[in-house]
Amino acid sequence: MFRKLMVAMAAVALVACNEQANKKSQAEAQVEAAAPTSKSVVVYYSQNGATKKLAEIFAKAKNADAVELKLVTAYPSTYDSTIAAVKAQRGSKQWPALENARPEIAKYDTVYLGYPIMFGTFAPPIYTFLDSNDLGGKVVVPFCTYGSGGRKVSAEELKTLEPSANVTLAYGISNKRITAENGAEVATKEVEGFFADLATGKTDEMLVGGYSEQRPLAAEDSAAFAEATKDYAYLGLKPLSVATQVVAGTNYLFVCEMKAFGGPATQTNVKIFKPLPGQGAAELIVVEK
Ligand SMILES: Cc1cc2nc3c(=O)[nH]c(=O)nc-3n(C[C@H](O)[C@H](O)[C@H](O)COP(=O)(O)O)c2cc1C
């Protein structure tokens, strides 16, 4: 009995130890990715230019080479027909052919992988890239642009599909914010903050720290919510409660009921930022759990 207990305890200790080792290697990977190095490459796909804009910011910040993945047959030019094309690709898992599916990545230790969110995760050309290349042993830093969200979900899928790569914390920014007139400036500043988070080994769990407790909405919260979500009626968001964090302005974390495109009700978190008075309107940062 005692022997069994000892074996069980040793096993638990080993698992804990392995978990520790894994965590450490992810933290180490983040620190490595945050350090400026010429041994890194930015690989990205962009349909309409928002992700390209972000990829250029990453390449400049890291003095990295950049490779834009190009489709052999581009998606149609309208939003609705692109939706139909992507839906068909996702249904059949026939990922689209790329002109440059195998860029030279063997010589790089770190790959900054950029994509637009499509159907809640990375766009189909990224599957083609993953299927055609070996990312084993590399540090992979995901970054994305989106309408309302998908940063965390896409990074989780990358981790699942590339278990032997070291996938770090991901960066994401909404299309509206990066394509705004001051978008490059806003994203450059945030990307700097993102690299600081990578360097200290931050995780998504740590990033939600610093908020007050969730509480019922006051009139001011409802006003900020209405202002920031006016272009997102299709998400059918109804705020249930809110927490705030005072920065240079206010960060809001709303817990909401969501009925996206009139679908079934789910619960989700909506992050909004309201600048200091006179410095601009409240804006939606992300919709995600
Ligand atoms: C087919 C398609 C599906 C999309 N799906 C989502 C989605 O599920 N969630 C989201 O937040 N944005 C979604 N978007 C919005 C894009 O992620 C967003 O516009 C992005 O910034 C486009 O990047 P690009 O200009 O580099 O192509 C979708 C766009 C398209 C065309």
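As the structure lists them, so they are numbered: ligands from 1, and atoms in each ligand from 1.
- Under the side chain to side chain contact (heavy atoms under 4.5 Å, CB included) test applied with Phe129, the options Val67, Asn100, Ile105 reduce to a single match, Ile105.
- Under 4.0 Å is where a charged nitrogen must lie from a carboxylate oxygen, and between Glu192 and Lys189 no such pair does.
- Polar contact with ligand 1: absent for Thr82 (N/O pair, distance under 3.5 Å).
- Remark: ligand 1 and Ile83 share no N or O pair separated by less than 3.5 Å (distance only, no angle test).
- Scanning the protein for heavy atoms near atom 12 (N) of ligand 1, the closest one is Gly147 N, 2.9 Å.
- For Arg102, the CZ atom counts as loosely surrounded, since its 6.0 Å shell holds 12 or fewer non-hydrogen atoms of other residues, nucleotides or ligands.
- By the 6.0 Å contact criterion, CD on Glu99 is enclosed, its count of non-hydrogen atoms from other residues, nucleotides or ligands being greater than 12.
- Here the heavy atom of the protein found nearest to atom 21 (O) of ligand 1 is Thr145 OG1, 2.7 Å.
- Residues forming a side-chain contact (heavy atoms from CB on, under 4.5 Å) with Asn48 (at least two apart in sequence, or on another chain): none.
- Regarding atom 19 (O) of ligand 1, its nearest protein heavy-atom neighbour is Asn175 ND2, 3.3 Å.
- Backbone and side-chain nitrogen or oxygen atoms of Lys52 are examined, and none is located within less than 3.5 angstrom of a nitrogen or oxygen of ligand 1.
- Of the N and O atoms on the side chains of Gln47 and Thr82, at least one donor lies less than 3.5 Å from an acceptor on the other residue.
- Protein heavy atom in closest approach to atom 22 (C) of ligand 1: Pro116 CB, 3.6 Å.
- Close N/O approach between Asn48 and ligand 1 is found [any backbone or side-chain N/O within under 3.5 Å].
- For Glu220, the CD atom sits in a loose shell: 12 or fewer heavy atoms of surrounding residues, nucleotides or ligands are nearer than 6.0 Å.
- The residue Tyr75 has no part lying near ligand 1, judged by heavy-atom distances below 4.0 Å.
- Taking a cutoff of 4.0 Å between a charged side-chain nitrogen and a carboxylate oxygen, Glu283 and Lys176 do not qualify as a salt bridge.
- Nearest non-hydrogen protein atom to atom 11 (O) of ligand 1 is Ser148 N, 2.7 Å.
- Side-chain atoms of Thr51 and Thr145 include a donor-acceptor pair closer than 3.5 Å.
- Atom numbering of ligand 1 starts at 1 in the shown order; those under 4.0 Å from a heavy atom of Thr51 are 23 (O), 24 (P), 26 (O).
- The only option from Phe122, Tyr127, Tyr45 that meets the ring pair (Phe, Tyr, Trp, His ring centres under 6.0 Å) definition with Trp95 turns out to be Tyr127.
- Taking every heavy atom of Tyr79 and a limit of under 4.0 angstrom, the matching atoms of ligand 1 come to 29 (C), 30 (C), 31 (C).
- Counting only residues at least two apart or in different chains, ring pair (Phe, Tyr, Trp, His ring centres under 6.0 Å) contacts with residues 163-187 comprise Tyr171-Phe194.
- Heavy-atom proximity to Gln47, at under 4.0 Å, picks out these atoms of ligand 1: 24 (P), 26 (O), 27 (O), 31 (C).
- Listed by atom number, the atoms of ligand 1 under 4.0 Å from Gly120 heavy atoms are 7 (C), 8 (O).
- Distances shorter than 4.0 angstrom do not occur between any heavy atom of Gly150 and any atom of ligand 1.
- Remark: Glu257 CD is packed, more than 12 non-hydrogen atoms of other residues, nucleotides or ligands lying under 6.0 Å away.
- Residue Ile117 holds the heavy atom nearest to atom 4 (C) of ligand 1 of all those in Ile117, Val86, Asp80.
- Closest to atom 25 (O) of ligand 1, if we only count protein heavy atoms, is Ala50 N, 2.9 Å.
- Of all protein heavy atoms, the one lying nearest to atom 5 (N) of ligand 1 is Phe119 N, 3.1 Å.
- Of the protein's non-hydrogen atoms, Ser46 OG, 2.5 Å is the one closest to atom 26 (O) of ligand 1.
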